[in-house]
Amino acid sequence: MNIDGDYLWDRTGEPDPEIQQLEETLGTLRSQPRPLEIPADLQTESRPGFFSGIAPRLAPRLAIAATIVIVLLGLGLWLGLQRLQRGQPPAVAPVANVPNTHAPAINPGSTPQRTPNENQHQVVTLPDSDQKHSDEPRRHRVNPPLLAANANRSLNQARKEVVKNPQLAINELQEGRAAKDQLMLALRVASAKLNFAQRKMQNTNPRDPVHNQHKIG
Amino acid sequence: MYELEATADLLLMTAQAKPSIAERSVETVPEAALVEAVLAGNRDMFGRLYQLYAPLVHGVLLARLPRSEVEDMVQDIFLHALRKLHTLRDTRAFGPWIAMIARNRAMDFHRRSRETIELTDDLRSADSSQSKAEEILAIICTLPDAYRETLVLRLVEGMTGPEIATRTGLTSASVRVNLHRGMKLLRAKLSFKEGSL
């Protein structure tokens, strides 16, 4: 009996009598399909679009994510505009009557001797935390409670930044800190909204017993 | 031993099923056009799909279910397929898709009906040729899954090896191996049965 012949594969070559006999016998069981009766009320669903498959579950989350992105973009744009409006600030914020802890001590009786390095860079002095620049117009409003809470920290950080980079004015740094705080506040609000929406979603959607089997059992 | 071989073959076939479909992308696949037409709302085209694939579904079910259940199940599966056709991502893969639905339905059937019903003489067909065919089919159904499905499609439904590969999405090599190994086992079982009688 030729098992490896082609007849079993594609009915070519020498026919295998045993296979032929099996075909003949088993052929009586062959499919004789009766016409398919399609009920008139059978609903065929159309091919889902890009959003339709995910809409029921993910649409609220997508909306929240899009809102966050828009808020962030808006903040970035606003900050950029503020910077443009501010123009080029003076390189030095001259403030008198404030002892500079980082500057070398100057004897009032003698003329200050400056090193060549000090001649190139002007000395930056830092204001006290309670000193205001009332003569300068405020360029933008900041959140007073937030600033009050972070005033000391911001000022200390600003001082360090000024020491590192004497080209920056203290006002600029404070404004930058305030803007950063506002941004953090906005992010916190957005995060809280996201959590709220997620909690709401979990409450509205009935738990799927199949997906939560590990929790049940 | 054979079960292990069959399982390995089945895994091999599953892994190779996708490339086999991908290979067909260069060819014109008529069923893809039919599926697209049905999705576009032309239900008459589904009748053509039914004609093309009813033997495949029938064979897949016949290898797993009692014969009395097969005809109704074929209809059910096609109606289910029509309802869920929009979930078919690759329109060229209608055959493998509906074959998988048929296999799952057969498994569901066995899960639901745990108790086995033994055939008595009263239930057997009076037709001797059908009786003989059912005996052989019963022997085929004792073979591992991969072999019995391929053998039923070849010997009962009359498909050739390349047709089986195209319709089921399996590779030609896998189908060839299943046919030859299954046939070898069937011959051994048939000769054993004839010898014991």
Side-chain angles (χ1 to χ4, degrees), chain A residues 1-59 62 205 208-214 216-217, chain B residues 36 38-41 43-44 46-47 49-51 53-59 61-62 67 70-71 74-75 78-79 82-89 125 127 129-130 132-137 140 151-152 154-158 160-164 172 175-176 179-180 182-184 186-187 190:
Chain A
M1 201 169 297
N2 184 15
I3 290 178
D4 297 326
D6 285 332
Y7 186 77
L8 180 62
W9 173 241
D10 55 3
R11 289 207 198 94
T12 59
E14 188 183 348
D16 185 325
E18 193 174 1
I19 294 174
Q20 278 184 318
Q21 191 184 346
L22 281 171
E23 282 180 316
E24 194 179 327
T25 309
L26 289 171
T28 56
L29 305 178
R30 188 167 297 173
S31 161
Q32 291 159 349
R34 56 178 192 237
L36 184 65
E37 296 155 9
I38 302 175
D41 58 342
L42 183 75
Q43 302 253 332
T44 51
E45 296 167 42
S46 59
R47 194 183 284 277
F50 180 73
F51 286 109
S52 59
I54 56 173
R57 288 187 300 126
L58 294 180
L62 279 176
N205 283 348
D208 187 352
V210 174
H211 281 84
N212 292 294
Q213 274 183 350
H214 62 287
I216 296 167
Chain B
E36 292 288 349
V38 176
L39 284 173
R43 280 196 182 188
D44 295 340
F46 195 73
L49 275 175
Y50 174 70
Q51 284 175 352
Y53 284 95
L56 171 71
V57 174
H58 186 268
L61 293 177
L62 201 61
R67 203 177 149 225
V70 170
E71 288 296 332
V74 170
Q75 294 263 331
F78 273 92
L79 291 180
L82 178 57
R83 228 175 279 126
K84 297 289 177 186
L85 195 61
H86 66 283
T87 63
L88 177 61
R89 289 180 186 174
S125 170
D127 188 351
S129 66
Q130 283 229 334
K132 175 81 174 164
E134 283 175 358
E135 276 179 28
I136 297 171
L137 182 64
I140 290 174
L151 278 181
V152 167
R154 171 68 184 83
L155 299 174
V156 178
E157 303 299 338
T160 62
E163 280 174 345
I164 295 170
S172 299
V175 173
R176 189 186 283 264
L179 273 178
H180 286 293
M183 197 64 211
K184 191 177 171 184
L186 181 62
R187 283 181 212 271
L190 284 174

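Just so we're on the same page: letters track the sequence lines, and every chain starts at 1. What's counted below: heavy atoms across the whole structure, side chains too, no hydrogens, waters or symmetry copies.
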- [ ] Look only at the side chain of Glu157(B) and the backbone of Ser31(A), and say whether a donor-acceptor pair between them is shorter than 3.5 Å.
- [x] yes
- [ ] Please round to the nearest 0.5 Å and tell me the distance separating atom CG of Leu36(A) and atom CZ of Arg43(B).
- [x] 10.5 Å
- [ ] Could you look at Glu71(B) and say if it's the side chain, the backbone, both or neither that has a heavy atom under 4.5 Å from chain A?
- [x] both
TODO: List the atom of Arg30(A), the atom of Val156(B), and the distance in Å for their closest heavy-atom pair.
DONE: NE-O, 2.8 Å
Open item on the list: Quick check: closest heavy atoms across Ser172(B) and Trp9(A), and the distance to 0.1 Å?
Closed with: O-CH2, 3.5 Å
Task: Inter-residue atom distance Asp16(A).CG - Arg187(B).CZ, 0.5 Å rounding - done: 4.5 Å
Task: Heavy-atom side-chain contact between Leu22(A) and Leu151(B) under 4.5 Å - done: no
- [ ] Rounded to the nearest 0.5 Å, what's the gap from CG on Asp44(B) to CD1 on Ile38(A)? Could you check?
- [x] 8.0 Å
Task: Reported CG-to-CD1 distance for the pair Leu26(A) and Ile136(B), which is rounded to 0.5 angstrom - done: 5.0 Å
Task: Separation of Glu24(A) CD from Lys132(B) NZ (nearest 0.5 Å) - done: 12.5 Å
Open item on the list: Can you confirm whether Arg154(B) sits close enough to Ile19(A) that some side-chain heavy atom of one is under 4.5 Å from a side-chain heavy atom of the other?
Closed with: yes
Task: Minimum heavy-atom distance between Thr160(B) and Arg11(A), given as atom pair plus value - done: CG2-NH1, 3.6 Å
Open item on the list: Shorter than 4.5 Å, heavy atoms on both sides: which option in Pro55(B), Ala54(B), Gly158(B) has the most such pairs with chain A?
Closed with: Gly158(B)
Open item on the list: In the structure I gave you, are the side-chain heavy atoms of Arg176(B) and Asp10(A) within less than 4.5 Å of one another anywhere?
Closed with: no
Open item on the list: What's the separation between atom CG in Leu8(A) and atom CG in Leu179(B), rounded to the nearest 0.5 Å?
Closed with: 5.0 Å
Task: Over 12 foreign heavy atoms within 6.0 Å of CD, Gln20(A) - done: yes
Task: chain A contact via Ile164(B) - side chain, backbone, both or neither, heavy atoms under 4.5 Å - done: neither
